[in-house]
Amino acid sequence: MGKELAKTYDPSGLEDRLYQKWIQKKYFHAEVDEERTPFTIVIPPPNITGQLHMGHALDNTMQDILIRFKRMQGYNVLWQPGTDHASIATEVRITETLKAEGVDKRELGREKFLERAWAWKKEYGGRIVSQLKKMGSSCDWDRERFTMDEGCNRAVTEVFVKMHQKGYIYKGARIINWCPVCNTSISDAEVEYQEQAGHLWHIKYPLMQEDGTPSSTEFLTFATTRPETMLGDTAVAIHPDDERYKHLIGRSVMLPLMNRPIPVVTDTYVDMEFGTGVVKITPAHDPNDFEVGKRHDLPVINVMNDDATINGNGGKYAGMERYEARKVIVEELDRLGLLVKVEDYSHNVGTHDRCKTTVEPLVKEQWFVKMEELIKPAVEAVKKGEIRLVPQRLEKIYFNWTDNIRDWCISRQLWWGHRIPAYYCDQCGEILVAAQAPEKCPKCGCSHFTQDPDTLDTWFSSALWPFETLGWPDRTRDLDYFYPTSVLVTGYDIIFFWVIRMIFSGYEHMGKPPFKTVLFHGLIRDSQGRKMSKSLGNGIDPLEIIDRYGADALRLTLITGNAPGNDMRFYYERVENSRNFANKVWNASRFILMNMEGREVSRPEVSSLEPADRWILSKLNTLVKEATDNMENFELGIAVQKVYDFIWDEFCDWYIEMVKPRLYNTDHVESQNAALWTLRTVLIDALKLLHPYMPFITEEIFCTLQSQEESIMISAWPRFQEERCFPREERDINIIKEAVRGIRNLRSERNVPPSRKASVIVVSDDTDVINAFSEGRLFFASLAYANEVSLYGKAEAGGRVDEQSAVSVVIPGATLYIPFAELVDMAQETERLEKEKKRLEGELARVNGMLSNERFLSKAPEAKVAEEKEKLARYTQMMEQVELRLARLKTQ
RNA sequence: GGAAGCAUAGCUCAGCUGGGAUGAGCGCUCGCCUGACUAGCGGGAGGCCAAGGGUUCGAGCCCCUUUGCUUCCACCA
């Protein structure tokens, strides 16, 4: 029947082979089929610069689990893959590469640079894709997309033009975050605030006198963290209600170093409590000051170049680097006696998330997306539950952002990306936004245009990903059928960058949400809880783990032992455990195959199934239900944990062991067949439940086990079956298990090796126990290392069981004895019984306490009360026994 | 300055809508080559569930307060 399996599971070689088979058989491929219900996931497109890291590994494992699960359930699943051009990330990389070759990006020129970029994409863009394949990802690779392919380009242009027409996209001079190293504007989301030690410089400006000269006695003192920006000060502000400064309203101060009078203005932005209650206003270099400047119609004097050196507006400081200028200016002010004091001061400084450079707020002409209206449906969707966030607590973070949303700066001074479809008339400067370059200027008739040199924020195209990958802006069948997608799986760290922007884009352009559920996961950290990062060198390469332990082990590790949305620490020990589990599954299967060898296994009549068979089938049935429910609720880790426990504990450690005597006994063909059939049936269903998590090993075993089947991944997901519920057998087997544990315990306490058999006497009047043992005596004996098992009622036991010469254990409904001549040491036994007595005393006190509590008796559910009464009876009985035994031991 | 999360066995973490923590893995420990598996099998020792208060017949779980750690957001110069 089946072929031989190796003694230990070796995933190497096997994984690639199976993946190839899946690809060849086109199992991953999806086509529109109106007869079936679609289930769609779009992949968070990895950057073409990317190398597979643990974050990808987790993200893709989760998606693949859902996809494989739904595929087996019969849904028409599509996992839409693709990659992201990653505008700034890629551009930075290529610029660095060029630099290493001694080539300056600007000298090379835009055209040549883009050639390089495309060549780079061609060479490395596929790397991350092949790495995703190593994980077992069942994406429909026939549909692979790229954010800068022809279709996506059209989508981006279409959206830009449409939103511009609707007034959602505008160009304006506003204060934006500028990265002087990357030489581009960046969005608010890309700014990372870092606590930095700095100084608070207290500086004073002299007040202007009536005669137009600065006073030498009257000053206004304020504090600043960035003294160099004073070169661009155009006012000093105080709070309108500040009594201390009321008399200064309408006057001016002299801006030192620049020798320019600037007005004292009043603005409620000023916090009277902070510092001296005076603020210098630099509209060109501070977002707040910019707003104050607008309210007071102050001039905006930009004193900085794009590379953060001081420009011509900075007088004699022109050309200085920003921190050098700071130093020189402070020294100069000190010399002039205008530096009051310097304090150490720790504050948050905005840095560029990619290069960690301190960003410079600058006033620049940029393109923006007006957010106020667009965001409304995105807020509503989550509030009304049209889009569900898992875990739900992330809604707070979501709303925190949407409630404080500001316009989105989308233009970037980069070359690699979607170029902005705006054209400027060379003659009159008229701006035309259109899909193609216009022929002639509607204003002046000129036919020469220059396209805007800027490109769009990477996330602009990512926001369209769920529908642009399905064919939008064309109205395709795919789009109709597969959109909205079912679930989005991603890390909570890109909720602002991506998730929110996809949501409002979906509503704006499709009129529908992009997905119904967002399943968030946390970060994978190192074993000390630190973020994995290149600079720390603490990153663990998933590919290396796959090489050593297999993709299945990695997948299982990433998905377990962690609550949804929480960060997780990565331990090699956990991967080893997963690998061990794979090996366990492998060997259980090997055992079953071995026993099926050369035998015809037929489906037995229900009546010929023995209690153990019914028990495991019943357990499996419960597992199917629970695991499926958990998966429907996105509790993937919980689901697979149950499957794991079932396979290792119930199936391997109990059922297989119970069934061994039947397998080795060739006299009872029917019993043997029932056992074999059950073994195979349970294994196959368990493999199916496990398949989404561990696709490779389950496929290999599944196909070995039944050569007529093509693949587990297209087999049907197990279903809960009412006729497979056997509560009675579950109860019986539990009794046997309890008894086995009791016996093993007795033996272990006395260090009796399994090879030494001993007889067991079961004494009980309990019909359940009697029934369980009459049916299960055979495997009980094997599990309890017994050479003989006798069963007596209490009455008949009197004459046959000599309690003085046996060790015993009490289980619910029965007492088990082993003649202890061969096993027991007296002193040890006494000590043990004393301990047991103490424990029982405690238990009895507790139960008695509860049962004498009036309120408990009146308010607790009946079942609970009954349960406690039962315990009382049991404990009392056990106590009697213990006391009796103790007494007897002492008299000996 | 706001907000969230975490605090349970030596370590890392599970514990659903409140009902005895037989919690999991690793580690430790004792015993086993028991005819699939030593990447294994069978035992065991480790927890006043961060502190304090409250609600309840009953709290790891709900409410309040406190402490410690982590993270996110934010324009306090």
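Chain A is the first sequence line, chain B the second, and so forth, proteins listed ahead of strands; every chain is numbered from 1. Since this is a predicted model, take the numbers as computed values, not measurements.
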(message) I'd like to check, for A/Tyr193, whether its ring lies over the base of B/A74 with centroids under 5.5 Å apart and a plane angle smaller than 30°.
(response) no
Taking the [atom1] atom in each of [N] and [M], what is the distance between them to the nearest angstrom?
N: B/U17; M: B/G60; atom1: C1'; answer: 15 Å
N: B/A77; M: B/G5; atom1: C1'; answer: 32 Å
N: B/G1; M: B/G46; atom1: P; answer: 46 Å

(message) Assess whether a salt bridge exists between A/Asp267 and A/Arg295, defined as any Lys/Arg side-chain N lying under 4.0 Å from an Asp/Glu carboxylate O.
(response) yes
(message) Consider ring-ring contact (aromatic ring centres under 6.0 Å, His included). Of A/Phe581, A/Phe591, A/Tyr9, which one does A/Trp586 pass it with?
(response) A/Tyr9
(message) I'd like to know if the side chain of A/Asp552 reaches the main chain of A/Phe696, judged simply by a donor and an acceptor atom lying under 3.5 Å from each other, with no hydrogens or angles considered.
(response) yes
Report which part of the nucleic acid [X] touches: base, sugar-phosphate, or nothing (heavy-atom distance under 4.0 Å, all strands).
X: A/Asn577; answer: sugar-phosphate
X: A/Lys396; answer: sugar-phosphate
X: A/Tyr269; answer: base
X: A/Tyr572; answer: nothing
X: A/Trp648; answer: sugar-phosphate
X: A/Tyr664; answer: base
X: A/Trp586; answer: nothing

(request) Tell me, please, which residues at least two apart from A/His347 pass side-chain contact (heavy atoms from CB on, under 4.5 Å). (result) A/Thr225, A/Tyr345, A/Val349
(request) Classify every nucleotide of nucleotides 9-17 of chain B by which part a protein heavy atom approaches to under 4.0 Å, writing B for the base, S for the sugar-phosphate alone and - for neither, in 5'-to-3' order. (result) ---SSS---
(message) Taking the nucleotide of RNA chain B with the nearest heavy atom to each, does A/Lys7 or A/Thr225 sit closer to the 5' end?
(response) A/Lys7
(message) Rounded at 0.5 Å granularity, tell me how far CH2 in A/Trp408 sits from CD1 in A/Ile375.
(response) 10.0 Å
